[in-house]
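When a ligand or atom number is given, it counts from 1 through the structure's own listing order. These figures come from a predicted structure and were not determined experimentally.
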Amino acid sequence: MNLISADAITAHNEPLLRHVRNDYEHLGEQLARRHIDIDTVRQQVAAFGVAIPSWGVGTGGTRFARFPGQGEPRNVFDKLQDCGVIQQLARATPTVSLHIPWDKCSDWSELRDAAASAGLAFDAMNSNTFSDQPGQAHSYKFGSLTHTDAATRAQAVAHNLECIEIGKALGSKALTVWIGDGSNFPGQQHFRRAFDRYLESAQQIYAALPGDWRMMLEHKICEPAFYATVIQDWGSSFLAAQTLGPKAQCLVDLGHHAPNVNIELIVARLIAAGKLAGFHFNDSKYGDDDLDAGSVSPYRLFLVFNELVAAAHEGVAFDPAYMLDQSHNVTDPIESLMTSAVQVQRSYAQALLVDRAALDAAQDANDALTATHLLKQAFQTDVTPLLQRVRLDAGGAIDPVAAYRASGYRQRVAGERPAAAGGGGGIV
Ligand code: LRH
Ligand code: MN
């Protein structure tokens, strides 16, 4: 994989080393006064990783248009190379989540080796029964796993089984199932029968899961259906996961809720029920905007991590999968994915700074002001030096975006990859 030269990263870091060292020491003193050992937090953050969505390294679009950038990835190998650069510089994204058939290739072991050469492994597989492929026998226009036609449901089940087989070849351990099935008109769909068809289809997928795999059910309030969606909210997802069995859990895409829904509360409920599969991190102001994580509401992202850290602190056993799921319509996807991965890491680091004992005491005493202040104190702590130190120790760049721009990587791949035609809508 033709990534960025290690020398270029060393040259980028050289003039910044002294600053990171001083800033880290200063932050360490500040945290010590709060009885927090900075090195303990640094080690926890260094062990944290968030997966890159393969579909996020190409320029995204909306239903109106997509304006491709320079050096668009042509295939899954180009996508992996771009993911390799993100990992090389930001050192927070050791895995990639693939989407089938967008990432189809002829030799999965070649892909697995290519990923390994870029320091990457594979996270959850994503199936796609929300669009029709050329030559497909049955259309998903009126649904897939819940379609009224048994042959269409069988086709959708078969596709998910194929994703599991591909994932097994790549070393993945999970399948994410998001379906757009739903209706645009009152009366168009029988809500209970559609859900029963979902369960019948999902049970066939569940039965094909290897013992150490999990099935992550992704709910979404709307789009492409705009009246009702079969797996519309965490309640529907939870009901289905309960019915399917222990390997089925609920995946929370932050953008899949109505505005102002308290997502951190949903996270707390799913943790308590042992049904939290993981996350698709992004941000939004209105709908499923798929904006960069923490770019609109960083406090909301922090509050999600506050629930995760609190549960881990209380010894709750859970192992959520952390993934980004974003669409980069106006930025260089590599820059956005690096910045978003660091933002997710930042929210985790800040949540580790909450004084849990003092918070428990304030909550028990109904001292609302102290309780919320303890969260704000952690959120308002600038952990940049800690994140820079984690990257530096891992061989990354102190300032990933600056190092990336200085590397000329985008210009280089623009020369290697023919310009992609612009035009039609669609997220990828
Ligand atoms: C649906 C979704 C899902 C992916 C798709 C690319 O909105 O969040 O996770 O399959 O985006
Ligand atoms: Mn998603």
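The distance between the ring centers of F305 and F302 does not fall below 6.0 angstrom. Aromatic pair Y322/Y348: ring centres not closer than 6.0 Å.
A donor-acceptor pair shorter than 3.5 Å can be found between the side chains of D39 and Y24.
Here the closest heavy-atom approach between residue Y206 and residue K247 is recorded as OH-N, 2.8 Å. For Y227 against P186, the heavy-atom pair with the smallest separation is CE2-CA, 3.4 Å. Considering every non-hydrogen atom in both S327 and G61, the closest pair reads OG-N, 3.7 Å.
Ligand 1 has no nitrogen or oxygen under 3.5 angstrom from a nitrogen or oxygen of W178. Checking only distances, H280 does come within under 3.5 Å of ligand 1, N or O to N or O. Residue contacts with ligand 1: S127 is placed with no nitrogen or oxygen under 3.5 Å of a nitrogen or oxygen of the ligand (distance criterion only).
Residue-ligand proximity, K220 to ligand 1, at heavy-atom distances under 4.0 Å covers atoms 1 (C), 7 (O). Taking a cut-off of under 4.0 Å to the non-hydrogen atoms of D288, the atoms of ligand 1 that pass are 7 (O). Atoms of ligand 1 found under 4.0 Å from any heavy atom of D253, numbered from 1 in the order shown, are 8 (O). Atoms of ligand 1 found under 4.0 Å from any heavy atom of E218 (numbered from 1 in listed order, with element): 2 (C), 3 (C), 8 (O), 9 (O).
Ion pairing between R300 and D283 holds under the 4.0 Å rule for side-chain N and carboxylate O. Taking the charged nitrogens against the carboxylate oxygens, D319 and K173 have no contact shorter than 4.0 Å, which rules out a salt bridge. Between K104 and E162 there is a salt bridge, since a side-chain N of the basic residue sits under 4.0 Å from a carboxylate O of the acidic one.
Within the 4.0 Å heavy-atom criterion, the part of D325 lying near ligand 1 is the side chain and not the backbone. Under 4.0 Å from ligand 1, the heavy atoms of H99 that appear belong solely to its side chain.
Atom CE of M215 and atom CD of Q249 lie 12.0 Å apart (nearest 0.5 Å).
Of all protein atoms, those of element N, O or S that lie under 2.8 Å from the Mn ion (ligand 2) number 4.
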